[in-house]
Chemist: 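This is the structure I want to talk about, given as structure tokens.
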Amino acid sequence: MQTIKLASLTVAVAAALALSACGKKEQPAAGTQASGAAAAAAGETVVTLGFAAPLTGPQSHYGEEYKNGVTLAIEDANAQHPTIGGKPVKFVLDAEDDQADPKIATQVAQKFMDNKVSGIIGHFNSGTAIPASKIYSDNGVPMIAMATAPTFTQQGFKNTFRSMTSDTQQGSVVGKYVVEKLGFKKIAIVDDRTAYGQGLADEFEKAAKAAGATIVKREFTNDKASDFAAIITSIKSTSPDMVYYGGADAQSAPMAKQMKRLGVKAPLVSGEMTKTPTFLKLAGTDGDGTIASLAGLPLEQMPKGKDYESRYKARFKTDVATYSPYGYDATMAMIDAMKQANSSDPTKYLPVLAKIQYSGVTSSDWTYDDKGDLKNGGITLYKVENGQWKVLETVGGGAKAADASAAK
């Protein structure tokens with residue numbers, strides 16, 4: 001009998017561990033699903049939005065800040081006492097941890113469909129958003145993802161939308177900029193072979209070549225690596241003017257440090273996953289001179305950036321990093337589409353979302369093209385100076401250009 005009980009306990013523990021691997025469920029917080037039961041008891045219709053991003057592991061800082069923006073949007077929407085279909089509604093958040101893992105992302109996606117969520121904010125990574133999007137498309141549920149890989153909106157699905165510019169937009173702008181404005185002609189490129197990192201690097205390479213640059217070396221690593229000595233040594237032999245990296249700050253920060261220590265004088269240039277406080281912390285003084293691009297305007301120049309910044313800090317007791325304003329606008333745009341359609345039924349508000357004209361924090365003209373890409377918005381380049389990200393120049397989006405001579 002004792003042996004049977006022990007075996008049963010072992011099976012139960014194993015089952016519990018297996019379930020936890022399918023995506024960690026976030027603890028209820030203000031404005032989340034914890035308020036669903038109370039809303040139902042108060043006679044309000046509960047409208048659940050799913051959210052998926054890495055909430056544990058080396059990319060959790062991205063996911064947590066992203067989720068904060070979504071949470072703030074839901075709280076703001078509920079504070080307006082919204083009605084849909086003539087009935088009061090309460091928006092709640094079902095947040096799941098996809099661990100930046102494509103397999104787990106599809107499990108999370110199926111769980112959302114089983115739970116009948118009305119829409120999805122996320123996934124964060126292109127590598128998770130792309131496989132999950134097929135499940136959402138099959139069920140007709142709209143998703144607004146942070147994913148920037150071109151493939152995400154090139155699949156022919158009608159339910160896929162972005163909250164940032166694509167890698168095609170960002171990579172092409174930066175590739176041209178570093179050659180024509182900064183004078184970098186000999187360029188080495190490294191990417192992490194994720195859908196995001198490789199896609200961004202590919203678009204950058206196309207634009208840099210078109211502007212007249214020579215790619216002297218193309219290397220790759222992975223999104224778990226920390227030792228880049230072999231790659232950097234190989235790159236050093238080509239004497240590049242700059243090194244472009246497509247990937248996250250968990251790799252770009254140690255890469256910047258190792259470049260300095262191995263005597264590579266060329267600056268590191270990267271995308272928005274490098275433009276973070278975490279990069280500054282990890283890279284230390286070796287991060288100085290690094291350049292990174294980010295979709296849209298600097299926070300202080302965003303249409304409602306200053307107000308958002310103060311409210312975000314009051315709510316979460318920390319500064320805005322990178323992604324939360326875009327998560328906020330994505331959530332508000334989806335909710336606005338539901339209000340305009342007078343329905344939270346995905347089949348009814350999806351056509352409205354596709355044609356949405358929303359004025360938000362990051363843009364006063366949040367609109368989509370026929371693929372689900374944002375129509376408008378510039379790219380801002382930042383440079384690390386004395387351990388801080390400083391605006392270098394905003395290209396496009398109606399912003400005034402800054403003097404870029406200091407970057408050379």
Side-chain angles (χ1 to χ4, degrees), residues 165 167-191 197-219 228 231-247 252-253 255-275 279-280 283 285-298 301 377-408:
T165 56
D167 292 338
T168 301
Q169 296 165 298
Q170 187 172 173
S172 60
V173 167
V174 178
K176 181 179 180 181
Y177 180 89
V178 298
V179 178
E180 296 183 354
K181 286 291 190 76
L182 304 185
F184 298 143
K185 302 297 184 182
K186 296 173 62 181
I187 297 174
I189 299 175
V190 185
D191 73 76
Q198 184 175 355
L200 184 60
D202 288 347
E203 295 301 328
F204 171 87
E205 181 176 1
K206 291 177 190 176
K209 283 181 176 178
T214 298
I215 307 304
V216 296
K217 184 72 75 171
R218 178 80 191 246
E219 298 277 2
F228 306 102
I231 289 174
I232 294 169
T233 299
S234 175
I235 287 172
K236 184 180 179 180
S237 67
T238 66
S239 301
D241 296 329
M242 61 155 280
V243 178
Y244 188 82
Y245 179 64
S252 60
M255 186 177 293
K257 293 178 74 70
Q258 292 167 40
M259 283 172 59
K260 293 285 178 69
R261 292 173 185 177
L262 291 172
V264 176
K265 296 181 180 180
L268 182 68
V269 180
S270 190
E272 81 282 346
M273 289 184 79
T274 286
K275 197 272 165 182
F279 173 86
L280 300 177
T285 57
D286 292 326
D288 277 13
T290 298
I291 296 170
S293 57
L294 177 63
L297 299 169
Q301 294 180 30
I379 304 295
T380 299
L381 291 101
Y382 299 80
K383 183 181 180 183
V384 182
E385 297 178 356
N386 298 317
Q388 298 295 323
W389 288 109
K390 303 292 185 181
V391 175
L392 190 59
E393 185 170 353
T394 297
V395 182
K400 295 181 178 179
D403 181 9
S405 61
K408 294 183 179 180

Chemist: To the nearest 0.5 Å, tell me how far Leu262 CG sits from Ile231 CD1.
Modeler: 12.0 Å
Chemist: Go through the steps to decide whether Val173 and Thr165 satisfy the test side chain to side chain contact (heavy atoms under 4.5 Å, CB included), and finish with yes or no.
Modeler: CA-CA 11 Å; Val173 167; Thr165 56; over 6 Å; no
Chemist: Report yes if some heavy atom in the side chain of Asp202 is under 4.5 Å from a heavy atom in the side chain of Phe204; otherwise report no.
Modeler: no
Chemist: Quick one: salt bridge (charged side-chain N to carboxylate O under 4.0 Å, His left out) partners of Lys209, sequence neighbours excluded?
Modeler: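 Here the qualifying residues are Glu205.
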Chemist: Which residues satisfy the side-chain hydrogen bond (donor to acceptor under 3.5 Å, both in side chains) test with Ser252, sequence neighbours excluded?
Modeler: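 With neighbours one apart ignored, the set is Thr274.
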Chemist: For Gln388, enumerate each residue passing the side-chain contact (heavy atoms from CB on, under 4.5 Å) test, keeping only those at least two apart in sequence or located in another chain.
Modeler: Lys390
Chemist: Evaluate the side-chain proximity of Tyr382 to Leu392: yes if any heavy-atom separation is below 4.5 Å, no if none is.
Modeler: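 Sidechains of Tyr382 and Leu392: no contact.
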Chemist: Among pairs that include at least one residue of residues 287-296, which meet side chain to side chain donor-acceptor pair (under 3.5 Å), considering only residues two or more places apart or in two chains?
Modeler: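 For residues 287-296: Gln170-Ser293.
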Chemist: Please report the C-alpha distance between Trp389 and Val384 in whole Å, then the side-chain angles of each, then the deciding distance to 0.1 Å, and finally whether the side chain to side chain contact (heavy atoms under 4.5 Å, CB included) criterion is met.
Modeler: CA-CA 5 Å; Trp389 288 109; Val384 182; 3.3 Å; yes
Chemist: Supply the atom-to-atom distance Lys236 NZ to Lys265 NZ, rounded to the nearest 0.5 angstrom.
Modeler: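 Spacing of NZ (Lys236) from NZ (Lys265) equals 9.0 Å.
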Chemist: Please step through side chain to side chain contact (heavy atoms under 4.5 Å, CB included) for the pair Tyr244 and Val190, ending with a clear verdict.
Modeler: CA-CA 6 Å; Tyr244 188 82; Val190 185; over 6 Å; no
Chemist: What are the two closest heavy atoms between Pro267 and Gly289, and how far apart are they?
Modeler: CB-O, 3.7 Å
Chemist: Which pair of heavy atoms, one from Ala207 and one from Ser172, lies closest together, and at what distance?
Modeler: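 Minimum heavy-atom separation between Ala207 and Ser172: CB-O, 3.3 Å.
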Chemist: Quick one: pull up NZ in Lys383 and CG in Leu182 and give me the separation to the nearest 0.5 Å.
Modeler: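 Answer rounded to 0.5 Å: 8.5 Å.
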Chemist: With sequence neighbours left out, write down each residue that passes ring-ring contact (aromatic ring centres under 6.0 Å, His included) with Phe228, or none if nothing qualifies.
Modeler: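 Counting only residues at least two positions away or on another chain, Phe228 forms no ring-ring contact (aromatic ring centres under 6.0 Å, His included).
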Chemist: Looking at CG of Leu294 and CD of Glu272, how far apart are the two atoms once the value is rounded to the nearest 0.5 Å?
Modeler: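 Answer for the CG-CD pair, Leu294 versus Glu272, is 6.5 Å.
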Chemist: Going by side-chain contact (heavy atoms from CB on, under 4.5 Å), name the residues that satisfy it together with Lys206, two or more places apart in sequence or in a different chain.
Modeler: Glu203
Chemist: Can you confirm whether Leu381 sits close enough to Val174 that some side-chain heavy atom of one is under 4.5 Å from a side-chain heavy atom of the other?
Modeler: yes
Chemist: Just how far is it from atom OG1 of Thr285 to atom CG of Leu280, taken to the nearest 0.5 Å?
Modeler: 11.5 Å
Chemist: Mind running side chain to side chain contact (heavy atoms under 4.5 Å, CB included) on Tyr177 and Ile291 for me, showing each step along the way?
Modeler: CA-CA 12 Å; Tyr177 180 89; Ile291 296 170; over 6 Å; no
Chemist: Output all residues satisfying side-chain contact (heavy atoms from CB on, under 4.5 Å) with Ala211, sequence neighbours left out; order by chain, then residue number.
Modeler: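 Here the qualifying residues are Val179, Glu180.
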Chemist: Can you name the side-chain contact (heavy atoms from CB on, under 4.5 Å) partners of Ala188, sequence neighbours left out?
Modeler: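 If we apply the side-chain contact (heavy atoms from CB on, under 4.5 Å) test to Ala188, skipping adjacent residues, the hits are Val216, Lys217, Ile235, Pro240, Val243.
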Chemist: Write down the atom of Gly271, the atom of Ala292, and the distance for their closest heavy-atom approach.
Modeler: O-CB, 3.7 Å
Chemist: What are the two closest heavy atoms between Ala253 and Ala283, and how far apart are they?
Modeler: CB-N, 3.9 Å
Chemist: Which residues pass the ring-ring contact (aromatic ring centres under 6.0 Å, His included) test with Tyr245, not counting sequence neighbours?
Modeler: none
Chemist: Between Ala295 and Ile379, which heavy-atom pair has the shortest distance, and what is it?
Modeler: CA-CD1, 4.0 Å
Chemist: I'd like to know if the side chain of Asp286 and the backbone of Ala256 have a donor-acceptor N/O pair within less than 3.5 Å.
Modeler: no
Chemist: Spell out, as yes or no, whether a donor-acceptor pair under 3.5 Å connects the side chain of Thr380 to the backbone of Gly296.
Modeler: yes
Chemist: Can you confirm whether Lys186 sits close enough to Thr238 that some side-chain heavy atom of one is under 4.5 Å from a side-chain heavy atom of the other?
Modeler: no
Chemist: Nearest 0.5 Å please: distance from the NZ atom of Lys185 over to the OG1 atom of Thr214.
Modeler: 9.5 Å
Chemist: Asp191: which residues meet the side-chain hydrogen bond (donor to acceptor under 3.5 Å, both in side chains) condition with it, sequence neighbours left out?
Modeler: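 Arg193, Arg218.
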Chemist: Using side-chain hydrogen bond (donor to acceptor under 3.5 Å, both in side chains) as the criterion, list what pairs up with Glu219, not counting sequence neighbours.
Modeler: Ser234
Chemist: Test of understanding: with salt bridge (charged side-chain N to carboxylate O under 4.0 Å, His left out), list the residues that count as partners of Lys260, not counting sequence neighbours.
Modeler: none
Chemist: Which heavy atom in Ala208 sits nearest to a heavy atom in Ile187, and how many Å separate them?
Modeler: CB-CD1, 4.0 Å
